[in-house]
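These notes are about the structure you will find just below.
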Amino acid sequence: MAPAWERARRALATRFCMRFAARRVVVDDVPRGLVDMEAPFPVATEAEQQQQQPDEREVSLAAVSPELASSEQLASRSSGSRSSAKICAICLSAMRSGRGQALFTAECSHKFHFSCISSNVQHGNKICPICRAVWKELPFQGPQLAASAAHGSGRLNPSIWPQMSMLSVNPLEDELPVFVIPEPAVFNDDEQIYLQPETAVGGGDYEIPPLLEITTYTAFPAIQESVAQEQFAILIHLKAPHVPAWVRTRAPLDLVTVLDVSGSMSGPKLALLKRAMRFVIENLDPSDRLSVVAFSSTACRLFPLRRMTAFGQQQSLQAVDSLVADGGTNIAEGLRKAARVVEDRQARNPVCSIILLSDGVDSHNLPPRDGSAPDYAPLVPRSILPGSEHHVPIHAFGFGMDHDSRAMHAVAQMSSGTFSFIDMVGSIQDAFAQCIGGLLSVVAQETRLSVECADQGVLLTSIKSGSYASGVDGDGRGGFVHVGRLYADEERDFLVTVRVPPSRVSTALIRPICTYRDAVTAEMVRVGGDPVMLLRPEFPVSAGMSLQVEREWHRVHATEDMAAAQAAAEEGHYTRAASILEARRLLLESCALLSWDQQTQALVAELREMQERVLNPQLYEGSGRAYILSGLSSHSWQRATARGDSTELTGLVHRYQTPSMVDMLSRSQALQPEVPEALSRSPSISSSRSPAPTPAPTSGSPRPRRGLRSFRLRS
């Protein structure tokens with residue numbers, strides 16, 4: 001007679017084992033009532049099962065777990081005999097796997113015909129017919145399934161629901177059949193949040209975060225006492241606190257990804273998207289939560305906001321891997337469903353954001369193109385726009401040459417997010433990595449910069465703030481900039497101008513004050529800068545403009561030139577658009593003081609790239625519009641976006657990257673295989689451009705990928 005443990009092992013393997021991919025399981029990660037016991041128990045054969053005696057089996061279960069024994073005895077008494085495991089308790093017909101029958105295994109371990117139990121549930125029966133257990137996960141099969149298939153909604157593999165299993169209708173096919181889980185009327189089924197203790201690595205109390213830094217620079221250090229200036233420039237520089245690498249505590253993230261799974265995403269595109277999502281999932285912590293919305297002609301929420309524990313990561317990966325590309329493109333429906341996830345959640349992490357990726361044009365909410373830009377406001381729900389209770393930024397990613405870059409840029413701009421252009425098929429993971437690196441390092445929220453004039457006679461005349469909301473008081477004695485969210489080590493520059501009156505003594509111009517909410521402690525912090533002083537000598541002063549002020553002055557005007565060039569190209573004036581960009585580039589190259597400045601060199605390289613992409617209609621429509629709009633998004637928000645080679649750490653166009661972004665990019669590029677790159681630019685650009693010298697990689701940076709074949713990316 002076999003030992004008791006051997007009999008218990010066989011019984012557990014055959015009746016209580018949930019089949020998942022092999023992995024290490026953290027017990028705390030597994031929901032109550034679900035145990036992954038695939039390893040190290042082998043599955044017993046049918047002959048071995050028949051050799052087991054009922055009394056021996058019950059004894060072995062009791063030896064291992066009294067709770068399992070009692071539940072098994074209850075199921076045995078309810079079913080009447082062991083043969084009932086092969087009989088559907090609803091239709092009393094035999095259940096045979098692999099014979100064209102779809103079977104449903106409930107969370108209480110009882111099995112039924114899927115058609116029988118789904119019909120039973122539709123009539124309001126939500127309890128097990130055998131043991132009377134109340135089910136939390138319900139099967140569904142009906143009109144919604146047919147409608148979703150007809151409209152091309154994102155389809156799910158049933159393996160994403162661990163309590164359910166179905167056998168393939170066609171035993172010759174490996175892919176499991178598709179079914180849809182009905183969505184609740186209110187998306188308040190988000191997973192509970194477990195707050196992390198405010199501790200740092202190495203023990204001890206929570207490290208008090210450093211304060212945001214305010215630095216000011218005047219265009220000139222002094223003005224003659226008898227001279228008045230109407231537009232005297234002052235640069236206000238903000239730098240977010242630095243978070244040391246050894247500090248563990250950060251603000252947890254609620255992330256909703258809205259993924260395009262329309263027919264144009266089939267093939268390598270969808271495979272690369274799944275790989276990029278795998279990277280995102282694996283780099284989220286248990287305190288972070290993720291929800292995925294897939295859209296094509298309709299939208300489907302794959303799962304609610306779920307904590308990224310080891311168990312949650314596995315379930316999320318299974319859900320993403322089950323996606324199938326089919327149907328049209330309905331961006332608005334995908335964002336509406338994402339907005340519901342944000343609005344209806346019961347618990348809230350301190351940071352929340354939406355990532356949107358699409359490779360096509362919304363074919364359900366926008367009128368056909370007639371040459372003019374349509375109104376993109378209907379694409380974004382008002383409930384998540386700035387000023388609303390549930391405001392959340394949308395970081396949009398346009399994939400390939402055929403996406404609607406104007407729509408994606410408008411969606412990001414309306415929601416205070418960024419727009420990135422993915423024109424290389426292998427860079428989608430890097431683009432996501434850069435964005436995630438920022439979102440996982442938020443240190444300040446609700447940041448507001450206030451500017452107060454100090455001495456009498458000094459008046460504030462303008463604030464150059466890009467896309468950030470700003471204003472000047474009616475009397476000119478003050479102004480503000482709504483900065484919002486800041487990542488660790490992120491910097492912001494705002495150029496203000498003031499009227500300076502004549503004075504015989506040093507003049508106090510302005511006093512900057514910054515308030516923000518600490519993302520970890522949720523406490524409001526106030527940082528006051530020192531008054532900006534201006535010397536007033538008796539005699540004229542000859543001095544060059546401050547490097548910091550001159551650099552920002554050129555960046556602001558270069559951003560304005562980018563917008564002007566994009567507007568000219570939209571009207572079909574491509575030569576004029578290229579000349580606008582070239583004039584600004586030549587002016588920057590002629591500035592001797594800025595010739596060695598790395599930020600200026602990056603701006604020059606970016607202007608040259610834009611100029612080459614607007615030379616003719618083919619270049620502009622293919623990639624020029626998207627490249628310029630992504631650059632405008634980056635400079636107007638002073639935040640890193642993906643475009644061209646901007647995510648390559650050895651390239652030039654990578655301004656605004658923070659250390660956390662660089663770290664996440666390094667992780668991504670270390671994992672990247674050598675995949676074919678697909679530049680969406682005309683081959684004439686690459687062939688006509690003289691190769692620029694590649695800077696030597698910095699310490700710790702991944703080596704540039706070499707020997708990559710290129711092909712054109714088409715939908």
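In what follows, every heavy atom counts, from backbone to side chain, and hydrogens, waters and symmetry copies are set aside. Everything numeric here is computed off the predicted structure, so don't read it as measured data.
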Checklist entry - Would a 4.5 Å heavy-atom cut-off, applied to side chains only, mark D375 and P378 as touching? => result yes
Next on the checklist: Under a 3.5 Å cutoff, is there a donor and acceptor pairing between the side chains of T418 and R639?
Outcome noted: no
Checklist entry - Does D404 use its side chain to pair, donor to acceptor, with the backbone of A407 at less than 3.5 Å? => result yes
Checklist outcome for this item: Here the pair of heavy atoms bringing A519 nearest to A444 is CB-N, 4.2 Å
Checklist entry - Any side-chain heavy-atom pair from V351 and R485 closer than 4.5 angstrom? => result yes
Item to check | Minimum heavy-atom distance A325-L270, with the two atoms named | outcome: N-CD2, 3.7 Å
Checklist outcome for this item: Interatomic distance, OG@S630 vs CE@M408, rounded to 0.5 Å, equals 11.0 Å
Next on the checklist: Quick check for you: to the nearest 0.5 Å, what is the distance between H390 atom NE2 and C352 atom SG?
Outcome noted: 10.5 Å
Next on the checklist: Quick check on side-chain contact (heavy atoms from CB on, under 4.5 Å): which of T515, T447, L212, L211 does V525 satisfy it with?
Outcome noted: L211
Checklist entry - Under 6.0 Å from the NZ atom of K464, do we count more than 12 heavy atoms belonging to anything else shown? => result no
Checklist entry - Side chains of Q638 and E491: donor-acceptor distance under 3.5 Å anywhere? => result no
Next on the checklist: Taking side-chain contact (heavy atoms from CB on, under 4.5 Å) as the definition, give me every residue that meets it alongside Q313, ordered by chain and number, with sequence neighbours left out.
Outcome noted: I281, M308
Checklist entry - Do side-chain atoms of E191 reach the backbone of R307 as a donor and acceptor pair under 3.5 angstrom? => result yes
Item to check | Residues that D344 engages under salt bridge (Lys or Arg N to Asp or Glu O under 4.0 Å), provided they are two or more places apart | outcome: none
Next on the checklist: Please check: side-chain N/O of T329 versus main-chain N/O of G360, any donor-acceptor pairing under 3.5 Å?
Outcome noted: no
Next on the checklist: Checking Q566 against R625: is there a side-chain donor and acceptor pair closer than 3.5 Å?
Outcome noted: no
Checklist entry - So, H237 versus D493: side-chain donor-acceptor pair below 3.5 Å or not? => result yes
Next on the checklist: Is it the case that the side chains of S262 and D260 hold a donor-acceptor pair, with the cut-off being a distance below 3.5 Å and no angle test?
Outcome noted: yes
Checklist entry - Using a distance-only test with no angle check, is there a side-chain donor-acceptor pair under 3.5 angstrom linking R345 and N188? => result no
Next on the checklist: Can you confirm whether the side chains of Q413 and S467 place a donor and an acceptor under 3.5 Å from each other?
Outcome noted: yes
Next on the checklist: Tell me whether S416 contacts the main-chain N or O of P393 through its side chain, where contact means a donor paired with an acceptor under 3.5 Å.
Outcome noted: no
Next on the checklist: As an exercise, state the distance from OH of Y487 to SG of C435, rounded to the nearest 0.5 Å.
Outcome noted: 5.5 Å
Next on the checklist: Regarding E490 and R492, does a basic nitrogen lie under 4.0 Å from an acidic carboxylate oxygen?
Outcome noted: yes
Item to check | Reported OG-to-CD1 distance for the pair S450 and I513, which is rounded to 0.5 angstrom | outcome: 6.5 Å
Next on the checklist: Counting C-beta onward and ignoring hydrogens, is there a side-chain heavy-atom pair between D288 and R250 closer than 4.5 Å?
Outcome noted: yes
Item to check | Validation row, ring centre H395 to ring centre F397 under 6.0 Å | outcome: no
Next on the checklist: Using modelled atom types and a 3.5 Å cut-off, is there a donor and acceptor pairing between side-chain atoms of S660 and backbone atoms of S441?
Outcome noted: no
Item to check | H403 and F421: CA distance, side-chain angles, deciding distance, ring-ring contact (aromatic ring centres under 6.0 Å, His included) verdict | outcome: CA-CA 9 Å; H403 77 279; F421 171 39; 5.7 Å; yes
Checklist entry - Nearest heavy-atom pair of F494 and L449: which atoms, and what distance? => result CD1-CD2, 3.8 Å
Checklist entry - To the nearest 0.5 Å, how far apart are CZ in F399 and OG in S358? => result 11.0 Å
Next on the checklist: How long is the straight-line distance from CD1 of I422 back to CD1 of I428, given to the nearest 0.5 Å?
Outcome noted: 4.5 Å
Next on the checklist: According to side-chain contact (heavy atoms from CB on, under 4.5 Å), who are the partners of S388, at least two apart in sequence or on a separate chain?
Outcome noted: H391
Next on the checklist: Donor-acceptor pair, distance only, cut-off 3.5 Å: does the side chain of Y376 make one with the backbone of R406?
Outcome noted: no
Checklist entry - Is any side-chain heavy atom of E446 closer than 4.5 Å to a side-chain heavy atom of V483? => result no
Item to check | Donor + acceptor pair across side chains of R643, T641 (<3.5 Å) | outcome: yes
Item to check | Validation row: I214, L238 side chains within 4.5 angstrom (heavy atoms) | outcome: yes
Checklist entry - How about T298 and E333: does a side-chain donor come under 3.5 Å of a side-chain acceptor? => result no
Item to check | side chain to side chain contact (heavy atoms under 4.5 Å, CB included) assessment of F295 paired with C300 | outcome: CA-CA 6 Å; F295 72 92; C300 174; over 6 Å; no
Next on the checklist: Tell me the closest heavy-atom pair linking A339 and I384, and the distance in Å.
Outcome noted: CB-CG2, 3.9 Å
Checklist entry - Can you list the residues that meet the salt bridge (Lys or Arg N to Asp or Glu O under 4.0 Å) rule with R289, with sequence neighbours excluded? => result D190, D254
Checklist entry - Any side-chain heavy atom of L356 within less than 4.5 Å of one from F419? => result no
Checklist outcome for this item: Nearest heavy-atom contact between P252 and S287 is CB-O, 3.4 Å
Checklist entry - Angle class for the Y656/H635 ring planes (parallel below 30°, perpendicular above 60°, tilted otherwise)? => result perpendicular
Checklist outcome for this item: The side-chain contact (heavy atoms from CB on, under 4.5 Å) partners of N365 (sequence neighbours excluded) come to N330, A332, R336, D362, L379
Next on the checklist: Whether the side chain of D663 engages the backbone of P659 through a donor-acceptor N/O pair (distance < 3.5 Å, no angle test) should be reported.
Outcome noted: no
Checklist entry - Excluding sequence neighbours, so at least two apart, what forms side-chain contact (heavy atoms from CB on, under 4.5 Å) with L385? => result V380, R382, M414
Next on the checklist: Determine whether a donor-acceptor pair (N or O, by modelled atom type, separation under 3.5 Å) exists between the side chain of Q445 and the backbone of P350.
Outcome noted: yes
Checklist entry - What's the shortest heavy-atom distance between S405 and L629, and which atoms? => result O-CD1, 3.7 Å
Checklist entry - Would a 4.5 Å heavy-atom cut-off, applied to side chains only, mark T215 and L235 as touching? => result no
Checklist entry - Would you say the side-chain atoms of D423 and S623 include a donor-acceptor pair closer than 3.5 Å? => result no
Checklist entry - Is a side-chain N or O of R517 found less than 3.5 angstrom from the main chain of A522, in a donor-acceptor match? => result yes
Checklist entry - Can you check side chain to side chain contact (heavy atoms under 4.5 Å, CB included) on V293 and L302, steps first, answer last? => result CA-CA 6 Å; V293 174; L302 271 64; over 6 Å; no
Next on the checklist: Would you say that I355 contacts I436 through its side chain, given a criterion of any heavy-atom pair below 4.5 Å between the two side chains?
Outcome noted: yes
Checklist entry - Would you say the side-chain atoms of S465 pair up with the backbone N or O of Y468, donor to acceptor, closer than 3.5 Å? => result yes
Checklist entry - Under 4.0 Å between a Lys/Arg side-chain N and an Asp/Glu carboxylate O for R301 and D189? => result yes
Checklist entry - With the threshold set at 4.0 Å, does a side-chain nitrogen-carboxylate oxygen contact exist between D321 and K274? => result no
Next on the checklist: Before you tell me yes or no, could you show the steps for D489 and T658 under side-chain hydrogen bond (donor to acceptor under 3.5 Å, both in side chains), namely the whole-Å CA-CA distance, both residues' side-chain angles and the distance that decides it to 0.1 Å?
Outcome noted: CA-CA 6 Å; D489 298 289; T658 65; over 6 Å; no
Item to check | Test item: side-chain donor near acceptor, Y516 and R526, under 3.5 Å | outcome: no
